[in-house]
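Here is the structure we will look at.
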Amino acid sequence: MNFDLPYPSSRSPVLGRNMVATSQPLAAQAGVAMLARGGTAADAAVAAAMVMTVVEPTGCGVGSDAFALYWDGHKLEGLNASGRAPMAWTPDYFAGQKAMPQRGWNSVTVPGVVSAWIALHDKHGRLPLDVVAEPAIRYARDGFSLSPVIGVLWQNGANQLAAQPGFADHFMPSGRAPRAGELVKRPDLAATLEDIVATRGDTFYRGTLAEKLTAHAALHGGAMTMSDLDAHRADWVTPISTGFRYAAVHEIPPNGQGIATLIALGLLDPFDLEGHPVDSVETTHLMIEAIKVALADCERHVGDIETMRVSPDDLLDADYLAERRRLIDPKQAGLPAYGAPRPGGTIYLCAADAEGRMVSFIQSNYMGFGSGVVVPGTGIALQNRGAGFSLEDGHPNQVGPGKRPFHTIIPGFATTHDGSAPIMSFGVMGGPMQSQGHLQMAVRVLAYGQNPQAAADAPRWRVTGGRKVVVESTFDPELAEGLKALGHEVIVETPDAVFGFGGAQLIVCGEDGYVGGSDPRKDGQVVAF
């Protein structure tokens with residue numbers, strides 16, 4: 001591993017035998033506190049995730065969805081805790097609309113994050129759940145100081161969502177959004193978290209909280225019922241993967257966009273990337289072209305895996321990738337369409353313990369505060385994952401009863417090629433940026449040996465359609481000009497537009513412990529001992 005820091009940064013990699021990396025210091029500290037008490041990486045992740053719902057409601061909440069990849073010391077497994085559509089959501093339910101609603105109750109699918117916490121803790125936790133939840137409950141009841149970054153996002157959300165049911169009462173109790181530095185208390189959420197702990201989540205899907213959710217839905221034109229909530233289950237799944245350099249990179253199988261990262265890595269693996277510097281025109285161009293091909297396939301073919309017409313194996317088939325690779329011209333930006341394989345607002349965190357367990361965990365509202373709906377007296381802010389469905393007739397992601405929508409949130413993980421040892425847990429927040437961010441992190445660490453802090457610091461890019469490539473304001477101007485010469489339409493974002501490039505956290509296995517990196521674009525922090 002190269003410990004150089006070639007990009008402007010005030011941070012160095014963090015090293016330790018126990019480690020938690022999150023986008024909020026209080027959450028990272030809560031996770032490490034669990035490890036110090038003898039807890040597992042799962043205990044640390046759940047503690048941190050619960051704190052995040054309190055201190056960063058601009059990205060997640062008790063009404064979010066979640067996914068995880070967990071290395072138990074011997075093998076990797078995946079957890080899909082995304083929720084499904086209410087059974088009333090037939091295509092006819094949305095007849096006459098041009099797109100799925102983005103706000104309000106008719107954008108809310110069954111929230112899955114509570115089931116994720118319970119499933120992860122049940123299977124891999126060691127400490128009692130009330131101990132794991134204590135920091136989150138304490139911050140909700142006694143208060144926390146609002147950080148400047150979250151203060152800006154909170155105000156943005158208030159500007160857009162104040163009229164949504166329950167939003168202003170909970171998130172603007174003084175008639176305005178709280179300001180940076182203010183002590184924020186959320187006693188309703190504290191009581192909800194206590195109820196979740198006491199019932200091990202049962203209250204949310206079958207008990208008192210479920211009754212409050214469905215009553216509020218009925219009052220405001222929503223379709224969610226008690227039976228919709230009761231039917232929800234978090235699923236343990238086998239991750240999908242592809243080989244890249246000396247590693248295998250793993251993602252959760254669809255309904256998420258992680259497969260786009262794997263397609264892009266599979267397309268890139270035969271190229272001699274290391275023949276050029278990591279920030280060269282040649283390497284950056286190939287990465288951009290590969291993710292464009294991958295996203296075209298993802299947009300056309302990916303949805304709830306139970307209704308996809310092609311399987312992940314079809315999309316990752318070596319012959320199909322070879323066919324798609326021919327679309328990549330090393331000398332010219334392209335406009336790839338999707339292929340036809342033959343059938344055969346978010347927070348991310350990671351944790352690792354001294355006994356060799358690692359977790360990659362992500363939970364999200366989707367668009368900032370999500371639907372904008374808050375259930376009175378509970379502090380439960382609900383995601384708007386239903387907006388991820390398509391209304392196109394026959395599309396694999398077309399809305400339907402009990403279906404899971406296409407998800408942008410994805411945890412990432414890398415192991416040795418044979419899956420016998422972990423290499424890295426990693427993730428990048430930020431909607432459609434996530435699969436592109438995963439690609440950039442994987443190439444930097446696995447192909448070029450960059451340390452996780454350097455990989456997180458590096459200026460990022462994202463494709464937005466056609467030949468358009470948006471780059472950060474810190475992006476190398478010569479590199480940008482080189483990309484333009486190949487036909488890319490390069491757009492430089494303003495310095496205050498950092499959120500469009502996500503926030504990254506990475507934990508990499510070192511010789512005698514872990515090496516962690518966190519993103520300076522947000523409040524990211526790595527805590528270790």
In terms of side-chain heavy atoms, does [X] have a donor or acceptor partner in [Y] at a distance below 3.5 Å?
{"X": "T346", "Y": "Y366", "value": "no"}
{"X": "N255", "Y": "N80", "value": "yes"}
{"X": "Q155", "Y": "N159", "value": "yes"}
{"X": "T378", "Y": "D188", "value": "no"}
{"X": "R385", "Y": "T408", "value": "yes"}
{"X": "W117", "Y": "Q363", "value": "yes"}
{"X": "R233", "Y": "S115", "value": "no"}
{"X": "Q383", "Y": "T109", "value": "yes"}

Do any side-chain atoms of residues 88-98 form donor-acceptor pairs under 3.5 angstrom with protein atoms, and if so which ones, sequence neighbours left out?
from, atom 1, to, atom 2, distance (Å)
T90, OG1, D92, N, 3.4
T90, OG1, Y93, N, 3.2
Y93, OH, N106, OD1, 2.9

Checklist outcome for this item: Applied to residues 197-209, the salt bridge (charged side-chain N to carboxylate O under 4.0 Å, His left out) test, sequence neighbours excluded, yields D122-R200, D202-R206, R206-D230

Item to check | Residue pairs passing the salt bridge (charged side-chain N to carboxylate O under 4.0 Å, His left out) test where at least one lies in residues 392-403, sequence neighbours excluded | outcome: R300-E392

Under the side-chain hydrogen bond (donor to acceptor under 3.5 Å, both in side chains) rule, collect the residues that match up with [X], sequence neighbours excluded.
{"X": "E134", "answer": "R138"}
{"X": "R357", "answer": "D353, E355"}
{"X": "T53", "answer": "none"}
{"X": "S147", "answer": "D523"}

Check: [X] side chain, [Y] main-chain N or O, donor-acceptor pair, under 3.5 Å:
{"X": "S107", "Y": "S371", "answer": "no"}
{"X": "E299", "Y": "A294", "answer": "no"}
{"X": "E251", "Y": "I240", "answer": "no"}
{"X": "Y348", "Y": "F426", "answer": "yes"}
{"X": "T58", "Y": "I150", "answer": "no"}
{"X": "R462", "Y": "G500", "answer": "yes"}
{"X": "H121", "Y": "L127", "answer": "yes"}
{"X": "H438", "Y": "L262", "answer": "no"}
{"X": "D43", "Y": "G125", "answer": "no"}
{"X": "T214", "Y": "M226", "answer": "no"}

Checklist entry - Pairs in or reaching into residues 370-410: which pass ring-ring contact (aromatic ring centres under 6.0 Å, His included), with residues at least two apart or in two chains? => result F67-H407

Between [X] and [Y], is any pair of side-chain heavy atoms under 4.5 Å apart?
{"X": "Q257", "Y": "V302", "result": "no"}
{"X": "R309", "Y": "H301", "result": "no"}
{"X": "W154", "Y": "R179", "result": "no"}
{"X": "V113", "Y": "D65", "result": "no"}
{"X": "V62", "Y": "I196", "result": "yes"}
{"X": "P459", "Y": "V471", "result": "no"}
{"X": "M441", "Y": "R460", "result": "yes"}
{"X": "L391", "Y": "Q398", "result": "no"}

Checklist entry - Quick one: which of Q505, R11, Q525 gives a side chain to side chain donor-acceptor pair (under 3.5 Å) with S518? => result R11

Closest approach of [X] to [Y] (non-hydrogen atoms, all atoms of both residues):
{"X": "P253", "Y": "I305", "result": "CB-CD1, 4.2 Å"}
{"X": "V526", "Y": "G516", "result": "CG2-C, 3.9 Å"}
{"X": "G386", "Y": "M100", "result": "O-CE, 3.2 Å"}
{"X": "Y205", "Y": "P111", "result": "OH-O, 2.8 Å"}
{"X": "G502", "Y": "D519", "result": "O-OD2, 3.9 Å"}
{"X": "G222", "Y": "W105", "result": "CA-CB, 3.7 Å"}

Checklist entry - What residue among V46, L69, L120 forms side-chain contact (heavy atoms from CB on, under 4.5 Å) with F361? => result L120

Of all residues at least two apart in sequence or in a different chain, which pass the side chain to side chain contact (heavy atoms under 4.5 Å, CB included) check with [X]?
{"X": "R84", "result": "H232, D235, R404"}
{"X": "A442", "result": "L265, L446"}
{"X": "A191", "result": "none"}

Item to check | Distance in Å, Y70 OH paired with L76 CG, rounded so as to fall on 0.5 Å steps | outcome: 11.0 Å

Checklist entry - What is the distance from atom OG of S64 to atom CD1 of I409, rounded to the nearest 0.5 Å? => result 7.5 Å

Next on the checklist: Check this for me: K123, atom NZ, are more than 12 non-hydrogen atoms of other residues, nucleotides or ligands nearer than 6.0 Å?
Outcome noted: yes

Next on the checklist: Can you tell me if E306 has over 12 outside heavy atoms packed within less than 6.0 Å of its CD?
Outcome noted: no

Item to check | Ring center gap for W236 and H124 short of 6.0 angstrom | outcome: yes

Checklist entry - Does the ring centre of F369 sit less than 6.0 Å away from the ring centre of F171? => result yes

Checklist entry - Would T192 and D195 count as a side chain to side chain donor-acceptor pair (under 3.5 Å) if you check the C-alpha gap in whole Å, the side-chain angles of each, and the deciding distance to 0.1 Å? => result CA-CA 5 Å; T192 286; D195 196 9; over 6 Å; no

Next on the checklist: Can you see whether F501 has R521 sitting over its ring - NZ or CZ less than 6.0 Å from the centre and within 45° of the normal?
Outcome noted: no

Give every donor-acceptor pair under 3.5 Å between a side-chain atom in residues 23-39 and any protein atom, sequence neighbours left out.
from, atom 1, to, atom 2, distance (Å)
S23, OG, E56, OE1, 3.2
Q24, OE1, L26, N, 2.7

